[in-house]
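Worth saying up front: this structure is predicted, and the values here are computed from it rather than measured. In what follows, every chain begins at residue 1, and chains take the letters A, B, ... in the order their sequences are listed.
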Protein chains: 2
Amino acid sequence: MKAAKRKPGVGARVERVEQREDDEARFLERYRPGVYPRPSVTVDLVVFTVLDRLLHVLLVRRSEHPFKGRWALPGGFVRVGDDRGDQGEDLDAAAHRELLEETGLSHTTSNGIFLEQVRTFGAPGRDPRMRVISVAYYALVRPTLVPRIRAGGDVSHAEWFDVAELVDPASRRAGGTELAFDHAVILDAALAKMRADLDRTAIGFELVPETFTIQELRAVHEAIRGEPLDPGNFRKRFLRSIEDGVIEAARGKRPTASKPASVYRFVRPPRSDG
Amino acid sequence: MKAAKRKPGVGARVERVEQREDDEARFLERYRPGVYPRPSVTVDLVVFTVLDRLLHVLLVRRSEHPFKGRWALPGGFVRVGDDRGDQGEDLDAAAHRELLEETGLSHTTSNGIFLEQVRTFGAPGRDPRMRVISVAYYALVRPTLVPRIRAGGDVSHAEWFDVAELVDPASRRAGGTELAFDHAVILDAALAKMRADLDRTAIGFELVPETFTIQELRAVHEAIRGEPLDPGNFRKRFLRSIEDGVIEAARGKRPTASKPASVYRFVRPPRSDG
DNA sequence: GCAAAAGTGTTTAATTTACACCCATGC
DNA sequence: GCATGGGTGTAAATTAAACACTTTTGC
């Protein structure tokens with residue numbers, strides 16, 4: 001902070017601000033948090049990927065009560081700290097950490113994974129043990145990383161599930177995959193938000209390798225929307241985004257069952273932080 | 001629950017489920033929550049209305065440290081209960097309650113007010129006293145209710161602010177309305193979400209009287225988007241939604257400076273609960 | 001050569017945008 | 001009468017949808 005030369009008006013203003021800050025510092029010094037009950041806060045992750053041209057979600061089998069044996073979304077408690085001094089970790093950081101812990105991915109790898117907040121769920125009784133408020137995120141994991149995912153920590157098993165099957169109420173019951181807690185609701189909300197984000201933002205590129213062909217990108221869009229798209233029209237819409245500087249042609253060709261396809265690269269936006 | 005006739009397969013299944021539920025009941029009986037630190041959780045409200053054809057937001061002046069004297073979003077703690085037995089109130093309910101407490105509106109009135117969750121903010125240090133995680137909502141208040149709003153509770157004053165001025169960084173500093181905490185960020189997020197919702201959902205009708213003219217509805221859209229709209233085109237887009245059953249013609253005419261205008265009514269959707 | 005998918009082009013419909021103009025009313 | 005805003009119509013521009021066709025490769 002610059003020490004302002006004391007012009008009369010400005011000086012008065014500065015003194016007032018210093019006064020206020022002094023007051024506040026004294027207040028905080030003496031402040032002791034009350035003993036009102038507080039909720040536990042968790043992050044729950046809806047981790048998506050595309051396998052076999054179908055949208056999949058990562059679930060973990062619960063090894064403990066409640067809902068022991070049921071499939072659930074990975075997640076865990078937000079680190080909070082002790083109020084004074086360190087206040088703990090940010091929500092986004094908690095989501096990243098949980099992703100890392102539950103998938104076994106390395107820190108640098110999991111930090112490159114796209115994460116977006118969905119909504120916060122806090123109905124009383126959603127966890128029978130105690131009041132738990134859960135901030136839901138969805139994550140997009142490139143299929144190339146999937147083989148490196150192993151369930152870690154306190155979950156006995158993690159598995160990818162076809163989202164279409166999981167969301168269909170009939171096969172949900174038949175397959176015995178009724179999710180724990182209110183996780184079916186959270187999954188629905190995450191799916192809706194992700195689909196809405198698909199044609200507003202650039203999230204499609206998060207599910208495709210570093211360089212990709214148009215048809216690979218189209219396969220991702222088809223998996224997310226759950227319906228086929230016209231190859232020609234998709235290509236045109238896509239090529240427009242070259243002019244917008246969103247993507248650029250990359251070197252090389254990708255061999256296919258027929259004619260080799262051109263590959264492209266997503267141009268990461270210059271990190272404006274928002 | 002129906003007592004199933006005991007076919008062999010089903011019987012085995014039922015026994016297994018009963019076993020699981022017994023286990024879980026015993027587990028919950030014995031369960032004691034750990035002593036890990038928990039955050040405080042609040043709801044913050046971004047209450048919008050349209051006054052003088054301009055979008056306004058309700059702010060309260062803080063009467064206590066921290067940020068004493070600064071303007072802030074109304075809000076308060078979520079009631080949590082004691083874990084066992086009553087777990088407290090839902091997040092939406094907390095938002096409604098705070099709206100009621102901070103505006104002095106009646107219970108029935110404030111229950112008719114549109115509320116939508118924006119996002120949850122939980123960066124460490126956003127409240128210097130302790131770790132506070134805040135679930136942000138935006139609310140839409142019909143201008144007809146505005147005169148009945150009085151600041152209640154522990155705030156010394158509440159006031160409507162022109163959003164355009166408030167968001168503009170220059171006039172924000174000049175006017176001395178730098179908001180407390182991270183409330184400027186929350187306001188921005190709420191504004192963005194509300195604008196996005198405007199042409200996806202029917203929120204426009206929430207800021208207009210029970211019956212309204214097309215131009216009144218257009219004024220609301222113009223206030224939210226911050227730019228004028230073509231009257232003819234807006235009318236056509238609007239009239240299409242009559243065929244969709246979203247609105248219907250109401251009785252009577254509204255006198256204007258010139259030709260009296262037809263009035264319409266928003267047909268509330270049949271409450272599908274979501 | 002043939003299948004298969006890449007890549008291009010064309011036609012039509014639907015939607016958006018801009019703007020001209022008539023009409024009923026208060027003053 | 002005439003200013004004002006309600007209400008209607010039309011033409012151009014843009015975007016979306018449907019689909020035919022040509023090209024290049026592997027086998």
Value in whole Å for how far the [atom2] atom of [N] lies from [atom1] of [X]:
X         : N       : atom1 : atom2 : result
Arg237(B) : dA14(C) : CZ    : C1'   : 16 Å
Ile214(B) : dG5(D)  : CD1   : P     : 16 Å
Glu243(A) : dT15(D) : CD    : P     : 11 Å

What contact category does Ser262(A) fall into here, base, sugar-phosphate, or nothing, at under 4.0 angstrom with non-hydrogen atoms?
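Here Ser262(A) touches the backbone only, sparing every base.
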
When all nucleic acid strands are considered with a 4.0 Å heavy-atom cut-off, which category describes Arg240(A): base, sugar-phosphate, or nothing?
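Arg240(A): backbone/sugar contact only, no base atoms under 4.0 Å.
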
Applying the side-chain contact (heavy atoms from CB on, under 4.5 Å) criterion to [X], which one of [options] satisfies it?
X         : options                         : result
Glu116(A) : Met194(A), Glu206(A), Lys193(A) : Lys193(A)
Leu140(B) : Val47(B), Val50(B), Ile203(B)   : Ile203(B)
Phe161(B) : Leu187(B), Leu179(B), Leu59(B)  : Leu59(B)

Would you confirm whether the ring centroid of Phe48(A) sits within less than 6.0 angstrom of the ring centroid of His56(A)?
no

Are a donor atom and an acceptor atom from the side chains of His96(A) and Glu98(A) found within less than 3.5 Å of each other?
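Glu98(A) and His96(A) do not have a side-chain donor-acceptor pair below 3.5 Å.
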
Spatial distance of atom CZ (Phe205(A)) from atom CZ (Arg142(A)) [nearest 0.5 Å]
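Answer for the CZ-CZ pair, Phe205(A) versus Arg142(A), is 10.5 Å.
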
Assign a letter to each nucleotide of nucleotides 19-27 of chain C from its 5' end: B, base within under 4.0 Å of a protein heavy atom; S, sugar-phosphate only; -, no contact.
B----BS--

